[in-house]
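Excluded from the calculations below are hydrogen atoms, water molecules and symmetry mates; all remaining heavy atoms, backbone and side chain alike, are included. In each ligand, atom 1 is the first atom listed, and ligand 1 is the first ligand listed.
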Amino acid sequence: MQGKEKLEWAMTHMDVLSEIREEFLKKRPFKGLKIGMALHVEAKTGILALTLRDGGADVRLASCNPLSTDDEVVEALRADGLNVYARKGESREEYYENLHKVLEYEPNIIIDDGGDLTTLLHGEYSHIEIMGGNEETTTGVMRLKVMEKKGVLRFPMFNVNDAKMKHLFDNRYGTGQSTLDGIMSATNLSIAGKTAVVAGYGWCGRGVAMRMRGMGANVIVTEIDAVKAIEARMDGFRVMPMIDAVKEADIIVTTTGMKDILRKEHFKEIKDGCILANSGHFDNEINKKDLEEMAKSRKRIRKYVEEFSLGDKKVYLLGDGRLINLVAGQGHPVEIMDMSFAIQALTAEYIASHNSLAPRVYPVPEEIDELVAKLKLKAMGIKIDKLTEEQKRYLEEWKEGT
Ligand code: ADE
């Protein structure tokens, strides 16, 4: 499929963002503003960039990961006059050159995914004045909170990840579906009948575990958090330390945001033939250096599958340990990114109209979450009940019992 068709297909299924785009065309909230973006450059992201441009912004877009770009979409966006700096398979140097191209242009507002753009703005680009920005993902928010705590954050950043209409759907159902999509496309193997280990029971891990079970896998969850471990257990999954889980695992998926989830000690014990995939933002959850050092040999046997021979056993690393849902899959489903990117667009509009915010990490305003929920319900053709006046009164009451 060509990039233009991919963009059209995405737009057709992004009802909420399309409605916001119509409003932006009328209101032009970003007139005279430059927006710098570092996101996974694929069709849904393209629709967000075009929406912001229709809102009057001058947009520059780079990727937030060297392997997640859809080159056909890049071509189509460029043909439409958008400044896009991304290529699938770019080297680390090219990746940073592309982020530089976004920043050299001195944006007023940024939209980041993972925190690399924000970090550069606190290093060699610390002279640029930023009105504010949005962060898309859990890993980026973790980095922002450290910056805030250390007192170095120099402009306001909105935590888009934790908006209800983002993480409850994108992280859970989005990562759940797209991770399986990536693993299945990369391997053409069955999920049914396998033991799948999911590292981390945050919203992404919950989604992956749920969908793995739905496809017929026997699922084990690993955790470091006692509450989440109990939740996983009560959701019906087995819970155990990774060192025990690797002995049974046919597939392991990391979704933690933490480095070295799989390392030497685990590779020593791992089951022969195990498939390793990561759905966390960075490629440091599976320690590739350890794998390389232990490997007697390695070879690429499918486009996104590399075999590491560890002497008496083999393991298969998918997509170089980078987010498998975007490397071998197509990213989250369109209707889900519709909600995430509606939050992004409206929060960017909020920044454009509030230009003296203190340098802190802000939650997305409640009204934005509520508006996106209402628009999505309407788009899905779902009607819900309303409280009666009597029920509203009951909410204000504390004396009335049964
Ligand atoms: N498509 C665009 N951005 C994405 C993200 N952060 N995760 C999954 N799919 C995406």
Between side-chain atoms of residues 216-223 and protein atoms elsewhere (two or more places apart, or another chain), which donor-acceptor pairs fall under 3.5 Å?
| from | atom 1 | to | atom 2 | distance (Å) |
| --- | --- | --- | --- | --- |
| E223 | OE1 | D225 | N | 2.9 |
| E223 | OE2 | Y201 | N | 2.7 |

Query raised in the report: Do Y316 and F308 have their ring centres less than 6.0 Å from each other?
Result: no

Query raised in the report: Does the ring center of H122 lie less than 6.0 Å from the ring center of F155?
Result: yes

**Report entry** Candidate pair E8 and K4, rule salt bridge (charged side-chain N to carboxylate O under 4.0 Å, His left out), full reasoning
**Finding:** CA-CA 6 Å; E8 277 169 13; K4 192 161 173 287; 3.4 Å; yes

Report task. Evaluate ring pair (Phe, Tyr, Trp, His ring centres under 6.0 Å) for Y125 paired with H100, printing each intermediate quantity in order. Result -> CA-CA 9 Å; Y125 291 92; H100 286 286; 5.3 Å; yes

Query raised in the report: List by chain and number: which residues place a heavy atom under 4.0 Å from ligand 1?
Result: H40, E42, T45, D113, E136, L326, G331, H332, M337, F341

Query raised in the report: Within 45° of the six-membered ring axis of F237 and under 6.0 Å from that ring's centre, is NZ or CZ of R213 located there?
Result: yes

